[in-house]
A.B. asks: 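This is the structure I have questions about; it appears just below.
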Amino acid sequence: MFDVGVSDIAIYIPPYYLPHEELAKARGIPKEKFHIGLGNYKMAIIPNWEDAITMAANAASHLLEKTGTEPDEIRELVVGTESSVDHSKPIASFVHGLLKIGPRCRSYDIKHACYGGSAGLVSCIDRAYRITDSTYKAIVIMTDICRYDFGSPGEPTQGAGAVALLVRRNPCLFSMDTSLNGIFTKHVFDFWRPIGHDLPIVDGEYSIECYLMALEGAISHFCYNLGIKWEKLLGNLDYIIYHLPFGKMATKAHRHLIEIAYKDLDSESREALYTETYYKKVAPGLLGVKEVGNIYTGSVYMGLVSLLETEGDKVEGKNVGIFSYGSGCGAEFFLCHMKSGIDKIIRGLRFKEQLDGRKKITFEQYTQIYSRSCEEVDYYPEEVQIFKGPLTRFVFTGFKDHKRQYV
Ligand code: HMG
């Protein structure tokens with residue numbers, strides 16, 4: 001039996017944000033609806049000189065740096081994304097070039113809404129287990145720009161960011177036994193973006209129903225694989241990270257789980273159990289969604305980064321349950337067994353530093369930036385120099401002969 005899983009994690013957040021107070025004021029909505037009703041306080045805004053490729057490359061470059069990994073050691077580069085920039089050329093190919101990874105590396109994108117990155121992660125972990133080359137290393141990146149129509153109910157849940165994970169044998173951060181993973185898939189139209197549409201079509205209420213149905217399906221498969229009854233689930237998990245399209249979704253998901261697992265308890269005891277376990281096991285993963293918003297594929301992994309940032313080395317040796325959901329829909333529930341000695345990994349995250357160093361923009365600047373088509377690029381090197389984040393290594397400068405250019 002080999003120990004396989006994730007050795008390190010890196011996150012990249014764009015350098016601008018809009019506070020929800022400003023959005024609420026401009027839209028004539030009480031700010032409490034966004035803060036309490038949705039659980040979000042700020043949304044990351046991606047400037048014109050960044051895109052899903054730069055965020056992916058910036059996250060992965062930080063990952064290589066913090067682990068001391070040479071680009072040539074990477075045998076597989078997988079990008080989960082729904083923010084593709086080309087019908088044929090994957091984002092992975094751009095990232096492969098920007099990071100100067102060698103030719104003996106399989107590189108490709110995976111798409112299944114917010115679930116795509118998790119599908120890539122599980123398949124790389126399986127490969128690390130099966131392959132005869134014990135030095136196999138893979139980078140799995142989740143990168144997305146979450147966008148909805150101006151003034152739509154989805155608008156306050158927007159965000160942008162990328163997360164990169166290093167997969168290998170004898171991992172330093174967590175191990176995963178993929179044979180236990182609970183899976184759920186069903187063809188539904190809850191959220192989708194037809195070819196030619198810049199923004200998704202969303203059936204908001206139905207999407208929440210589908211999410212909860214998938215949670216139930218994936219967890220019941222997980223419990224079956226583990227050979228336990230539903231009511232034993234919480235006892236096996238020290239923390240739970242749910243896919244986070246907005247902060248309040250975590251309360252809806254956790255409440256649903258408690259209702260199913262403890263249906264025989266009276267409602268008062270169920271409520272007490274909900275409150276106790278929510279604050280202990282779920283809330284420590286919510287920093288990112290409150291400050292950044294939905295980052296689609298990376299959302300649940302930003303939850304993991306938030307947990308590490310908030311709890312620090314208390315997470316060592318603990319079992320973290322992760323529920324990854326992608327509209328359409330595909331979902332997986334899996335267990336990450338956290339390693340000990342992870343303080344260096346946590347210190348190297350620089351997540352708070354990125355959040356605290358961001359520039360606040362106005363509502364007018366937000367609408368201006370997001371009104372431009374993706375073909376219009378205003379590249380001002382002086383602006384980039386002033387406002388780029390501490391981990392910005394790559395920026396998008398425009399097109400030449402229909403080819404995207406980066407420096
Ligand atoms: P909405 O129109 O804001 O819904 O849309 P609402 O009017 O029901 O209000 C939301 C909450 O705010 C309610 O609380 C209100 O009571 C409360 P709840 O009943 O939910 O507990 N509220 C207030 N609270 C305090 N003070 C006030 C106040 N007013 C109201 N004054 C919706 C919400 C999530 C539907 C919308 O934002 C949306 O369409 N979002 C996009 C879709 C989405 O995020 N779906 C989630 C599940 S699907 C998923 O996660 C996949 C996804 O990530 C995509 C992918 O896979 O790629 C989205």
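Any value given below was found using the heavy atoms of this structure, including those in side chains, with hydrogens, waters and symmetry copies removed. Atoms within each ligand, like the ligands themselves, are counted from 1 in listed order.
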A.B. asks: What is the closest protein heavy atom to atom 54 (C) of ligand 1, and at what distance does it sit?
C.D. replies: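 The closest heavy atom on the protein side is Cys114 SG, 3.4 Å.
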A.B. asks: Before signing off on this row, confirm whether Lys33 and ligand 1 have an N or O atom pair separated by under 3.5 Å.
C.D. replies: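 Such a contact does occur with ligand 1.
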A.B. asks: For atom 47 (C) of ligand 1, what's the nearest protein heavy atom and its distance?
C.D. replies: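 Protein heavy atom at minimum distance: Ser207 OG, 3.4 Å.
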A.B. asks: Which atoms from ligand 1 have a heavy atom of Lys248 less than 4.0 Å away?
C.D. replies: 14 (O), 18 (P), 21 (O)
A.B. asks: What verdict does the side-chain hydrogen bond (donor to acceptor under 3.5 Å, both in side chains) test give for Tyr16 and Glu50, after you've listed the backbone C-alpha separation in whole Å, the side-chain angles of each residue and the deciding distance to 0.1 Å?
C.D. replies: CA-CA 11 Å; Tyr16 295 162; Glu50 291 198 305; over 6 Å; no
A.B. asks: Return yes when Tyr148 approaches ligand 1 closer than 4.0 angstrom through a heavy atom, no otherwise.
C.D. replies: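 Right, Tyr148 reaches ligand 1.
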A.B. asks: Short list, please: which atoms of ligand 1 are under 4.0 Å from a heavy atom of Ala113?
C.D. replies: 55 (C), 56 (O), 57 (O)
A.B. asks: Could you check whether Tyr370 and Asn48, counting side-chain N and O atoms only, form a donor-acceptor pair closer than 3.5 Å?
C.D. replies: no
A.B. asks: Cationic tip of Lys89 within the cone over Phe94's six-membered ring, i.e. under 6.0 Å and within 45° of the normal?
C.D. replies: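 Yes, cation above the ring, under 6.0 Å and within 45°.
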A.B. asks: Is ligand 1 under 4.0 Å from a heavy atom in the side chain of Asn294, in the backbone, in both, or in neither?
C.D. replies: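 The side chain, only.
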A.B. asks: With the side chain counted from C-beta on, respond yes when Pro47 and Pro15 share a heavy-atom pair under 4.5 Å apart, and no when they do not.
C.D. replies: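 Yes, their side chains come closer than 4.5 Å.
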A.B. asks: Anything under 30° is parallel, anything over 60° is perpendicular, the rest tilted; go ahead and classify Phe34 against His20.
C.D. replies: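 It falls in the perpendicular class, over 60°.
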A.B. asks: Could an N or O of ligand 1 be found under 3.5 Å from any N or O of Pro153, whether backbone or side chain?
C.D. replies: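 Pro153 vs ligand 1: N/O contact under 3.5 Å present.
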A.B. asks: Quick one: are the ring centres of Phe351 and Tyr12 less than 6.0 Å apart?
C.D. replies: no
A.B. asks: More than 12 heavy atoms of other residues, nucleotides or ligands under 6.0 Å from NZ of Lys111: is that the case?
C.D. replies: no
A.B. asks: Of all the atoms in ligand 1, which lie at a distance below 4.0 Å from a heavy atom belonging to Gly326?
C.D. replies: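 Matching atoms, with element in brackets: 56 (O).
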A.B. asks: Give the numbers and elements of all ligand 1 atoms closer than 4.0 Å to a heavy atom of Gly37.
C.D. replies: 11 (C), 12 (O), 17 (C), 24 (N)
A.B. asks: Taking heavy atoms and a distance under 4.0 Å, where does Tyr115 meet ligand 1: side chain, backbone, both or neither?
C.D. replies: neither
A.B. asks: Can you find an N or O of Glu205 that's nearer than 3.5 Å to an N or O of ligand 1?
C.D. replies: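 In fact, backbone or side chain, Glu205 has no N or O that close.
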A.B. asks: For the residue pair Arg255 and Tyr274, would you count it as a cation-pi contact if the rule is NZ or CZ under 6.0 angstrom from the ring centre and within 45 degrees of the ring axis?
C.D. replies: yes
A.B. asks: Evaluate Pro245 for polar contact with ligand 1, using N/O atom pairs at a separation under 3.5 Å.
C.D. replies: no
A.B. asks: Output, in order, the C-alpha distance, side-chain angles, deciding distance and verdict of side-chain hydrogen bond (donor to acceptor under 3.5 Å, both in side chains) for Glu76 and Tyr108.
C.D. replies: CA-CA 8 Å; Glu76 192 151 351; Tyr108 55 96; 2.7 Å; yes
A.B. asks: Counting both backbone and side chain atoms, is some N or O of Thr157 under 3.5 Å from an N or O of ligand 1?
C.D. replies: no
A.B. asks: May I ask you to list the atoms of ligand 1 that are less than 4.0 angstrom from any heavy atom of Glu82?
C.D. replies: 55 (C), 57 (O)
A.B. asks: State yes or no: are the ring centers of Phe150 and Tyr366 separated by less than 6.0 Å?
C.D. replies: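 Yes, they do, as the ring centres are separated by less than 6.0 Å.
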A.B. asks: Are Arg404 and Phe396 in a cation-pi contact, defined as NZ or CZ under 6.0 Å from the six-membered ring centre and within 45° of the axis?
C.D. replies: yes
A.B. asks: Is it true that Glu155 lies under 4.0 Å from ligand 1, counting heavy atoms only?
C.D. replies: no
A.B. asks: Consider only side-chain N and O atoms of Ser61 and Asn58, and report whether a donor and an acceptor are under 3.5 Å apart.
C.D. replies: no
A.B. asks: Which of the numbered atoms in ligand 1 are under 4.0 angstrom from any heavy atom belonging to Gly204?
C.D. replies: 35 (C), 39 (O)
A.B. asks: Tell me the protein heavy atom at minimum distance from atom 25 (C) of ligand 1, and give that distance in Å.
C.D. replies: Glu32 O, 3.5 Å
A.B. asks: With a cut-off of under 6.0 Å to the ring centre and 45° to the axis, is Lys359 in cation-pi contact with Phe387?
C.D. replies: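 Output yes; distance and angle both within limits.
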A.B. asks: Only heavy atoms of Lys252, strictly under 4.0 Å: list the atoms of ligand 1 that pass.
C.D. replies: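 Per the distance check, 18 (P), 20 (O), 21 (O).
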A.B. asks: Within the protein, is there a heavy atom lying under 4.0 Å from atom 16 (O) of ligand 1?
C.D. replies: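 It does not: no protein heavy atom is found less than 4.0 Å away from atom 16 (O) of ligand 1.
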A.B. asks: Could you tell me whether Tyr211 and ligand 1 have an N or O pair separated by under 3.5 Å?
C.D. replies: no
